[in-house]
There are 2 protein chains.
Amino acid sequence: MGKPERPATISDVASLAGVSVGTASKALNGRGSMRPDTRRRVQEAAQRLSFHANAAARTLNTGRTYTVGMITTDSIGRFSIPVMLGAEDSLGAGQMSVFLCDGRDDPIREQYYLKTLLSRNVDGIIVTGRRTQARPPIAAALPVPVVYAFISSTDPEDCSVVPDEAGGARKAIEHLLATGRRRIAHITGPEHHHSAQVRATGAADTLAEAGLTLVAPPMFGEWSELWGRQAAGMLLAMGHDVDAVFCGSDQIARGVASTLGVAGRRIPEDLALIGFDNWDVMALACQPPLTSLDMDLEGLGRAAADLLLDAINGRPSPGRHTRPCRLVVRESTAIVVSQPSTAPGPLIASARPE
Amino acid sequence: MGKPERPATISDVASLAGVSVGTASKALNGRGSMRPDTRRRVQEAAQRLSFHANAAARTLNTGRTYTVGMITTDSIGRFSIPVMLGAEDSLGAGQMSVFLCDGRDDPIREQYYLKTLLSRNVDGIIVTGRRTQARPPIAAALPVPVVYAFISSTDPEDCSVVPDEAGGARKAIEHLLATGRRRIAHITGPEHHHSAQVRATGAADTLAEAGLTLVAPPMFGEWSELWGRQAAGMLLAMGHDVDAVFCGSDQIARGVASTLGVAGRRIPEDLALIGFDNWDVMALACQPPLTSLDMDLEGLGRAAADLLLDAINGRPSPGRHTRPCRLVVRESTAIVVSQPSTAPGPLIASARPE
DNA sequence: ATGAAAGCGCTAACAG
DNA sequence: CTGTTAGCGCTTTCAT
């Protein structure tokens, strides 16, 4: 437990270099002009003493802390985590440290965190959450910029960065159409869930533009494999002549795949299957591996962080910023090149990542 | 963007209350003695101005920041996240804010974060990671206390909090034995992986104490469903008369379940199946729902945070602290009460959580 | 019981 | 080009 000695201060550096603290400060911050030799001497002294400016002291007179707060609306979930990591990465590169605040769906807790962050003089705040549903602004007016990531603010003037889920659904349908499917079903999450709505609407609109409709109304349920299994069973029971199922999530798609497998329907030969979220552990373990839409959450987090940095530096970008989803093609929607039946395995026309 | 006016300082409060800043400070921090009326007046004034002490200023002369850093060794993963959330929760309750630092398996990056945290004068540091394997200390000597959570330090004097994985494996085997299984196989992750080793050893030791052995040597592979499927296929092919499979992870167990299902082996009637990690999304979606071992990662994070707070307050607890795993029983190891064959569904003797 | 004053470590004016 | 000086907002002696 050998506690190292008290950290060096700037005046230690100054005296070691034989200059005044003012000079030392300028030397270290590259400000003002001075004899190159002097600057070098100061820097060497700092090096020797492994001097690191005391952040509190610096903050006290610049007002800047080089910290930002990251608050989750609801708990931290599978979606918010990549967003946060992306943001942390981008901010870290910009020399900023990130305070982690888990709101846990509790508005009181959220406001407490907000107060804490403000008294710590964060330079900015990122608000995120595990759902894309818009939420009321975290506060009416704040002395620092705020960016909403993944989740958005109900105030259209607030800066939000969100995935284009409707566009993702569009890509899913276009991909199915392009690979020759026409009789498409949609199985998704709860009807009141924003993502379920947006994705279903996107799918329906895209089909309509092609002069088609879903073979049945969207099947709303839960975001679970169990629901996927049940819904697939219902779909089979309804006797529709389906050649593709677009699912609102990878978990649902896995459930669908397992029911279809048990029922003897082959994927992708008999039916194409496509999920949403590109959750690797689900999409890759699915049999066969699942085509899905990736919202690029980490990129989204990075983008949010970059917008926040810009705002902190006086270049705000108010409004809603949308980012495209990316189609990741795997076997479940592959175009089967040849034989109808017991080929040694489907011949695949498209590849998988990673 | 109506920036609110400059935040109130303690001298605003003091003058509104008609006292000096010194008095105001003492009043607000409950220090020294003073007329109750005076204290009340100051507090009201602070309230009115919604005064929040400037953290930087306070830090500058107390030296304490009421912040801690949380560094991940490797990237942030499925295991480190609950640990971090638990820690954040406990620290937040203790008025401490948490800096999030994602080391991403890069020692340079890790040391950079360490430097940053120290120059921010954090009161303490939590080191975590996604594997339980011990790692070298993050630094030889540090001016603040460090607690390792989930991961541990190779220096036995360092304070680490880790799950008792061997004990978890023991519980798994004891549960299987208690429910009448005797011919047990073990399928797990990579041989060089610490968790795989410890769990396999724990299982073997427990069996040995009962005068039994595994039906075959532990099958080491990957932490994936695919491996679970393959290994189960191999196990069937070997023709062993197995009545239970203990898997090193829930993912592996799911893979095993699916191969067994395809092969017509019923779970739990013909074979009991048990996983590890109690990853809800896997364990619950498994058919049937999977008995598993829960490492209580959030509790572990909380415990680590509490130990860190104690250390910060001068009561360190050096050494390795172990926390038990909890057996979560679901259908995959249920005792089948009755009929051998096509019952309407297994009658279950034990329950599931949540 | 209260007020005055001296810093905490640093930056940024301003002099020289 | 360099040194001196005045704070940033707060806590903490030390007088009164």
Side-chain angles (χ1 to χ4, degrees), chain A residues 5-46 49-67 95 115-116 118-123 143, chain B residues 5-43 45-46 49-67 95 116 118-123 143:
Chain A
E5 72 292 354
R6 176 185 60 73
T9 73
I10 200 173
S11 50
D12 296 333
V13 174
S15 58
L16 178 57
V19 298
S20 72
V21 294
T23 304
S25 172
K26 285 193 299 197
L28 294 169
N29 295 296
R31 249 181 279 278
S33 58
M34 73 203 311
R35 211 158 359 129
D37 168 60
T38 309
R39 169 156 289 149
R40 204 183 34 68
R41 258 182 21 250
V42 172
Q43 287 169 334
E44 277 175 12
L49 301 172
S50 58
F51 166 78
H52 257 284
N54 177 314
R58 174 175 284 165
T59 292
L60 198 52
N61 46 36
T62 61
R64 281 204 59 177
T65 55
Y66 296 90
T67 61
Q95 307 279 321
K115 282 232 185 319
T116 304
L118 293 177
S119 84
R120 289 193 186 279
N121 292 305
V122 292
D123 294 337
Chain B
E5 72 291 355
R6 177 185 60 74
T9 73
I10 200 173
S11 52
D12 298 333
V13 173
S15 59
L16 177 57
V19 297
S20 72
V21 295
T23 304
S25 173
K26 287 193 297 195
L28 294 170
N29 294 297
R31 250 183 279 277
S33 61
M34 74 201 313
R35 219 171 337 146
D37 169 61
T38 309
R39 171 156 288 149
R40 205 184 33 69
R41 261 186 13 254
V42 173
Q43 287 170 336
L49 301 173
S50 57
F51 166 79
H52 256 284
N54 177 314
R58 174 173 283 167
T59 292
L60 198 52
N61 44 38
T62 62
R64 283 205 55 178
T65 54
Y66 296 90
T67 60
Q95 309 278 321
T116 306
L118 292 178
S119 85
R120 289 194 187 278
N121 291 304
V122 293
D123 295 337

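Remember, predicted model here, so these are calculated numbers, not experimental data. Letters A, B, ... are given to chains in the order of the sequence lines, protein chains preceding strands, and every chain is numbered from 1.
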Identify each atom pair where a protein N or O and an N or O of nucleotides 12-16 of chain C are less than 3.5 Å apart, giving names and distance.
residue	atom	partner	partner atom	Å
dA12(C)	OP2	Arg31(A)	NE	3.1

Under the side chain to side chain donor-acceptor pair (under 3.5 Å) test, which residues partner [X], sequence neighbours left out?
{"X": "Arg39(B)", "result": "none"}
{"X": "Ser15(B)", "result": "none"}
{"X": "Thr59(A)", "result": "none"}
{"X": "Asp123(A)", "result": "Arg64(A), Thr65(A)"}

| What residues in residues 50-59 of chain B put a non-hydrogen atom under 4.0 Å from any atom of DNA chain D? | Phe51(B), Ala53(B), Asn54(B), Ala57(B), Arg58(B)
Show every donor-acceptor pair shorter than 3.5 Å between a side-chain atom in residues 26-33 of chain A and any protein atom, with sequence neighbours excluded, or say none if there are none.
residue	atom	partner	partner atom	Å
Asn29(A)	OD1	Arg58(A)	NH2	3.4
Asn29(A)	ND2	Ser25(A)	O	2.8
Asn29(A)	ND2	Ser25(A)	OG	3.4

[atom1] of [X] to [atom2] of [Y]: how many Å apart, nearest 0.5 Å?
{"X": "His52(B)", "Y": "Leu118(A)", "atom1": "NE2", "atom2": "CG", "value": "8.5 Å"}
{"X": "Thr67(B)", "Y": "Gln95(B)", "atom1": "OG1", "atom2": "CD", "value": "13.5 Å"}
{"X": "Arg35(B)", "Y": "Arg41(B)", "atom1": "CZ", "atom2": "CZ", "value": "7.0 Å"}

| message | Taking any atom closer than 4.0 angstrom to a non-hydrogen atom of chain A, what span of DNA chain D does the protein reach, first nucleotide to last? | response | dC1(D) to dG9(D)
| request: Check every strand shown and say whether Thr9(B) touches a base, only sugar-phosphate, or nothing at a heavy-atom separation below 4.0 Å. | output: sugar-phosphate
| field | Contacts of Ala24(B) that satisfy side chain to side chain contact (heavy atoms under 4.5 Å, CB included) - sequence neighbours left out | value | Ile10(B), Ala14(B), Val19(B), Val42(B)
| query | For Ser11(B), what residues pass the side chain to side chain contact (heavy atoms under 4.5 Å, CB included) criterion, not counting sequence neighbours? | reply | Thr9(B), Val21(B)
